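The structure appears below as structure tokens.
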Amino acid sequence: MAGAYIPNEIETRWQQRWEAAEAFRADDADPRPKKYVLDMFPYPSGDGLHLGHVENYTISDVVARYARQRGFNVLHPMGWDAFGLPAEQYAIENQVHPRDAVARNVGIFKAQMQRMGWSYDWSREINTTDPDYYKWTQWIFLKLHEKGLAFMAEVPVNWCEALGTVLANEEVIDGKSERGGHPVVRKPMRQWLLKITEYADRLLEDLDGLDWPSHLKQMQREWIGRSEGADVTFTIGDEHEFTVFTTRPDTLFGATFCVLAPEHPLVDGITTDAQRSGVDEYVAKTSRRSERDRMADVKTKSGVFTGAFATNPVNGAQIPIWIADYVLMGYGTGAIMAVPGGDQRDWEFAETFDLPIIRTVAPPEGFDGQAWEGEGAAINSGFLDGMQVPEAKRTMIEWLEEKGVGSARVTYRLRDWLFSRQRYWGEPFPIVHREDGSYAALPADALPIRLPDVASYKPTGTGESPLAAVEDWVRTTDPADGAPALRETNTMPQWAGSCWYYLRFADPFNTSAFCSKERDEQWLPVDVYVGGVEHAVLHLLYARFWHKVLFDLGLVHTQEPFQRLVNQGMILCPSYQTEENGSYLRIEDVEIRDGTPYVKATGRPAYSIVQKMSKSKKNVINPDEIIREFGADTLRLYMLFMGPPDADKLWDRSGIQGVYRFLNKAWRLVVGDDRREPRPRTSDATSGAARHALHTAIHGVTQDMEALAYNTAISKLMVLLNAMGDLDTIPEEMVDAFLRMLAPFAPHMAEELWSATDREGFASLADWPTYDESALKTDTEEYAVQVNGKVRGKLVIAAESPDEAILAEAVALANVAEHIAGKTLVKQMVVRGRLVVLVVK
RNA sequence: GCCGAAGUGGCGGAAUUGGCAGACGCGCUAGGUUCAGGACCUAGUGGCCUUCGGGCCUUGCGGGUUCAAGUCCCGCCUUCGGCACCA
């Protein structure tokens with residue numbers, strides 16, 4: 001008899017043994033086929049792991065452990081994405097240097113990760129803030145610069161006052177910062193940009209070959225936003241001309257006015273004196289409005305006539321030129337031809353300002369809407385009349401090109417990637433500015449450009465990084481000629497370090513390259529990448545871009561970094577608010593009576609909604625408490641048992657009992673507890689029903705493992721354990737296979753029982769069991785007998801019985817006979833192994 | 001507004017190509033066991049009806065195809081996610 005199952009004791013012991021034996025180390029010299037299983041590495045925040053991490057990393061851990069047991073040489077590394085805003089914000093809030101805060105938080109994270117029993121190869125741990133690491137981030141930047149993909153420009157940027165920095169388009173959501181939700185305004189500033197647009201087509205096309213969730217690919221496609229159309233040049237008298245971009249060149253005959261963005265450079269020059277004051281006022285008003293305000297009233301159309309007229313190149317018509325803020329300077333050419341008959345926005349504008357409307361595509365019979373944006377035959381369009389839209393487009397583009405007033409063109413929603421930040425905690429640029437205003441990239445041997453210590457690392461708010469105040473760091477010389485120069489004081493954004501970290505894991509200590517050709521070829525691409533959907537258009541797009549650049553430079557051998565991507569669902573949890581003022585309540589301060597939540601202190605009802613866990617909603621569950629109470633194995637198992645990996649999951653701790661009981665049951669069966677002897681085992685071969693149960697389980701669990709259907713895999717292990725519990729003596733073979741299959745999910749329990757039953761080595765590294773096809777069959781089969789679609793009886797018959805025998809027994813069943821009595825049998829068939837179909841009239 | 005995903009017992013969720021809806025677990029009910037238990041064991045558990053043989057209903061709603069529909073087709077509703085004046 002053994003003692004009770006005490007998870008904490010067992011788990012820490014096995015964690016130490018795995019570590020001492022370096023059980024999960026990925027060996028470069030191992031000749032077996034490789035499997036690279038990667039997590040999106042975390043920002044080590046001060047709060048430690050949350051349940052989202054636990055879910056993410058448990059899924060990948062099971063993938064990695066299963067792959068090991070299937071004989072793969074597995075690379076499953078972990079590291080820290082520690083530069084950037086979250087780390088810096090935390091440091092400012094807690095009055096510590098970011099470096100110290102990162103070191104401390106990394107310690108917390110790592111201890112928690114090890115406590116979960118995740119099988120990382122810690123010998124490859126990396127940290128993006130380590131100079132040995134960011135040296136190579138800077139080096140890759142130099143490569144981008146050499147290729148002409150990094151450049152400086154005065155551009156309207158997203159300036160966030162509260163964060164004291166500019167942000168990338170991807171970091172701005174609804175006019176607010178992705179982090180913190182602070183207001184963001186447009187403001188022109190001189191900034192570094194990366195030409196991701198040059199890769200737009202490849203980023204789009206290569207999505208097809210990736211094994212990613214389709215909705216995620218769709219998000220990237222939409223973000224890139226490729227649209228095909230044409231540029232059309234309009235002239236204004238003899239002096240000016242401007243170009244518009246349109247996806248509907250076929251509707252050019254219906255262009256009854258043009259609209260320029262208020263920021264369009266031509267606006268000032270073409271405005272007539274009579275319209276001057278109105279135009280100036282509108283332009284000023286627009287520039288004061290934030291992006292957010294501009295988006296807030298999409299419904300109402302505003303605009304001002306410039307007094308100028310443009311010549312429609314297709315028919316010479318003089319059409320008025322307006323300015324309006326629904327035309328964006330940052331997209332296309334910042335100018336449009338307005339076709340109210342074929343575009344609802346233009347229709348609304350035309351109605352508001354009483355401008356003419358001409359239909360150029362015949363709407364379908366009975367159409368009583370406004371603009372018709374669909375297919376149809378061209379009308380009122382001269383040489384296009386009668387053509388369907390696609391043909392009309394082609395014909396118009398040919399005409400425009402022939403006349404030299406337009407051409408086919410593709411535009412993208414994707415903009416170049418704004419790559420500089422006015423913050424302290426990021427990679428410095430390997431760039432110096434010379435006195436003559438030019439700048440120079442530093443040579444590779446000058447790297448790393450270390451981040452200096454500063455007195456204050458808080459944002460200055462002036463648009464300059466805190467680094468600008470570090471005189472002796474800023475003042476330097478251009479190594480090319482020794483002339484005085486100033487260092488670039490912007491830093492790289494958070495995403496820089498994570499753009500290539502997956503490559504560094506393959507070769508973490510290389511001092512002469514970011515990753516050697518050999519290691520790249522050995523380990524890349526990542527076979528399974530597990531992480532949240534929140535990175536769909538940020539990290540995942542940026543990393544693909546860098547990877548393609550590295551590919552073009554011949555530095556990596558694959559076009560894409562992440563072959564298969566798995567998105568875990570979100571963990572949702574009820575949050576509680578007072579009904580009075582909506583302030584959030586901690587879960588401990590709420591009690592549930594008859595399914596209704598009440599505020600404990602006041603006894604008044606509380607308002608509850610289910611949403612994503614977040615600190616501000618006070619609905620965060622701390623994994624440490626669950627581990628303390630039930631152990632890591634139970635938490636791992638429960639996380640997976642709640643539902644499929646990609647589904648959102650409602651956190652409800654009442655279900656934990658189920659998986660905890662399952663582990664206890666396994667424990668008692670194999671080693672017993674303080675009251676019960678373990679179940680006797682036998683080395684005799686498994687036979688009969690037990691054999692069938694065993695092989696069905698192996699077959700089913702294996703299938704589920706391949707499909708990442710871990711919730712059903714666990715349920716099949718439960719079925720197997722229940723079957724073992726029904727036996728007086730358990731065949732050793734069953735215990736063996738059970739433990740091997742338990743190992744990826746509850747590795748500590750598996751190890752403990754593995755060693756308690758005198759098995760050699762680690763269960764975590766034991767081969768995956770195989771099943772015998774013949775054992776999946778049973779001697780008898782059960783058939784449901786349907787009469788006119790309803791089950792009227794069941795019969796058990798020897799397997800492989802001929803159809804005739806089955807049908808004969810089926811019609812002989814008492815209840816079946818009753819239902820067919822006095823009627824004509826019009827159809828009878830047997831669905832092998834399942835049912836008998838009888839149709840009567 | 002546009003695009004995408006999803007709606008199955010009291011709850012989380014299962015269901016190859018259309019083939020016995022509700023696996024597994026939680027919860028609940030009854031019994032056993034225990035000094036005790038938020039422990040363990042056994043049995044039951046979608047709803048309604050029942051002469052205890054069985055019958056009828058049931059996968060968001062309404063139609064349809066089929067011997068047979070959670071699964072396929074048509075039309076709606078709801079929820080979640082993404083995009084949001086992108087020309």
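By convention in this document, chain letters (A, B, ...) are assigned in the order of the sequence lines, proteins followed by strands, and residues within each chain are numbered from 1. None of these values were measured; they are calculated from a predicted model.
Going from the C1' atom of B:A43 to that of B:U50 covers 23 Å, rounded to whole Å. Distance noted for atom P between B:G22 and B:U58: 16 Å (whole Å). Nucleotides B:G82 and B:G9 are separated by 32 Å at their C1' atoms, to the nearest Å. On the P atoms, B:A21 is 13 Å away from B:A68, given to the nearest whole Å. Atom name P, nucleotides B:C35 and B:C49: the rounded distance is 43 Å, in whole Å. If you take atom C1' in B:G1 and the same atom in B:A84, they sit 8 Å apart, rounded to whole Å. A distance of about 13 Å separates the C1' atoms of B:A15 and B:A69, rounded to the whole Å. Here the separation of B:G63 from B:U71, taken at their P atoms, is 15 Å to the nearest Å.
If you check B:C40, B:G38, B:G12 against the side chain of A:Arg668, the one that comes closest is B:C40. For A:Lys790, taking side-chain heavy atoms from C-beta onward, the closest of the listed nucleotides B:C56, B:A14, B:G82 is B:C56. Picking from B:C24, B:A87, B:C85 the nucleotide with the shortest atom distance to the side chain of A:Val719 gives B:C24. Closest to the side chain of A:Met829, out of B:G25, B:G19, B:A14, is B:G19. Closest approach to the A:Asp325 side chain among B:C85, B:A87, B:C83 is made by B:C85 (side chain taken as heavy atoms from C-beta onward). With B:G12, B:G19, B:C24 as the candidates, the nucleotide lying closest to the side chain of A:Val837 is B:G19.
Shown here are the side-chain hydrogen bond (donor to acceptor under 3.5 Å, both in side chains) partners of A:Asp726, two or more places apart in sequence or in another chain: there are none. Residues passing the ring pair (Phe, Tyr, Trp, His ring centres under 6.0 Å) test with A:Trp372, sequence neighbours excluded: A:Phe367. Under the rule for a side-chain hydrogen bond (donor to acceptor under 3.5 Å, both in side chains), the partners of A:Asp231 that lie at least two apart in sequence or sit in another chain are A:Arg409. When the ring pair (Phe, Tyr, Trp, His ring centres under 6.0 Å) test is applied to A:Phe738, no partner is found at least two apart in sequence or on another chain. Partners of A:Pro390 according to the side-chain contact (heavy atoms from CB on, under 4.5 Å) rule, which considers only residues two or more places apart in sequence or in another chain, are A:Glu375, A:Gln388, A:Arg394. With sequence neighbours left out, A:Glu781 forms a side-chain hydrogen bond (donor to acceptor under 3.5 Å, both in side chains) with A:Tyr783. With sequence neighbours left out, the ring pair (Phe, Tyr, Trp, His ring centres under 6.0 Å) criterion links A:His699 to A:Tyr771.
B:G37 has its base anti relative to the sugar, with a glycosidic angle deviating from 0 by more than 90°. Anti is the classification of B:G13, since its glycosidic angle lies more than 90° from 0.
Annotation: side chain of A:Ile224 is not in contact with side chain of A:Arg413 (no heavy-atom distance under 4.5 Å).
Checking the phosphate oxygens (OP1, OP2) of B:G81, no side-chain nitrogen or oxygen of A:Asn567 falls inside 4.0 Å. At the phosphate of B:C56, OP1 or OP2 sits under 4.0 Å from a side-chain N or O atom of A:Arg792. The phosphate of B:C3 has neither OP1 nor OP2 within less than 4.0 Å of any side-chain N or O from A:Arg221. Within the structure, a side-chain polar atom (N or O) of A:His819 is placed less than 4.0 Å from OP1 or OP2 of B:G55. Distances shorter than 4.0 Å separate some side-chain N or O of A:Arg413 from OP1 or OP2 on B:A84. Within the structure, every side-chain polar atom (N or O) of A:Asn711 is placed at least 4.0 Å from both OP1 and OP2 of B:A23.
Residue whose closest nucleotide on RNA chain B sits further toward the 5' end, between A:Asp704 and A:Val537: A:Asp704. Both A:Gln218 and A:Glu629 sit near RNA chain B, but only A:Gln218 has its closest nucleotide nearer the 5' end.
Among pairs with a residue in residues 216-225 of chain A, those fulfilling salt bridge (charged side-chain N to carboxylate O under 4.0 Å, His left out) read A:Asp208-A:Arg221, at least two apart in sequence or across chains.
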Side-chain donor/acceptor pairs under 3.5 Å, residues 633-645 of chain A, sequence neighbours excluded:
unit_1, atom_1, unit_2, atom_2, d
A:Asp633, OD1, A:His748, N, 3.4
A:Asp633, OD1, A:His748, ND1, 2.7
A:Asp633, OD2, A:His748, N, 3.4
A:Asp633, OD2, A:Met749, N, 2.8
A:Thr634, OG1, A:Phe630, O, 3.3
A:Arg636, NE, A:Phe745, O, 2.8
A:Arg636, NH1, A:Asp61, OD2, 3.0
A:Arg636, NH1, A:Met116, O, 3.1
A:Arg636, NH1, A:Gly117, O, 3.2
A:Arg636, NH2, A:Asp61, OD2, 2.7
A:Arg636, NH2, A:Pro744, O, 2.8
A:Tyr638, OH, A:Asp652, O, 2.5

Dot-bracket summary - RNA chain B, pairs being Watson-Crick or G-U whose distances fall under 3.5 Å, with | when paired to another strand: (((((((..(((......[....)))((((((.......))))))((((....))))..(((((..]....))))))))))))....

Restricting to nitrogen or oxygen on both sides, can you table the protein-nucleotides 27-35 of chain B pairs closer than 3.5 Å?
unit_1, atom_1, unit_2, atom_2, d
B:G27, OP2, A:Arg661, NH1, 3.3

Look for any protein N or O under 3.5 Å of an N or O in nucleotides 20-22 of chain B and output each such pair with its distance, or none.
unit_1, atom_1, unit_2, atom_2, d
B:C20, O2, A:Lys794, NZ, 2.4
B:C20, N4, A:Glu782, OE1, 3.1

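Between the side chain of A:Lys301 and the base of B:C85 there is at least one donor-acceptor pair of N/O atoms closer than 3.5 Å.
By the 4.0 Å N-to-carboxylate-O rule, A:Arg653 lies too far from A:Glu625 to be salt-bridged with it.
The distance from the CG atom of A:Leu717 to the CG atom of A:Asp704 is 9.5 Å, given to the nearest 0.5 Å.
Between A:His264 and A:Phe242, the ring-plane angle classifies as perpendicular under the 30° and 60° cut-offs. Below 30°, between 30° and 60°, or above 60°: for A:Tyr326 and A:Phe349 the angle between ring planes is between 30° and 60°, a tilted geometry.
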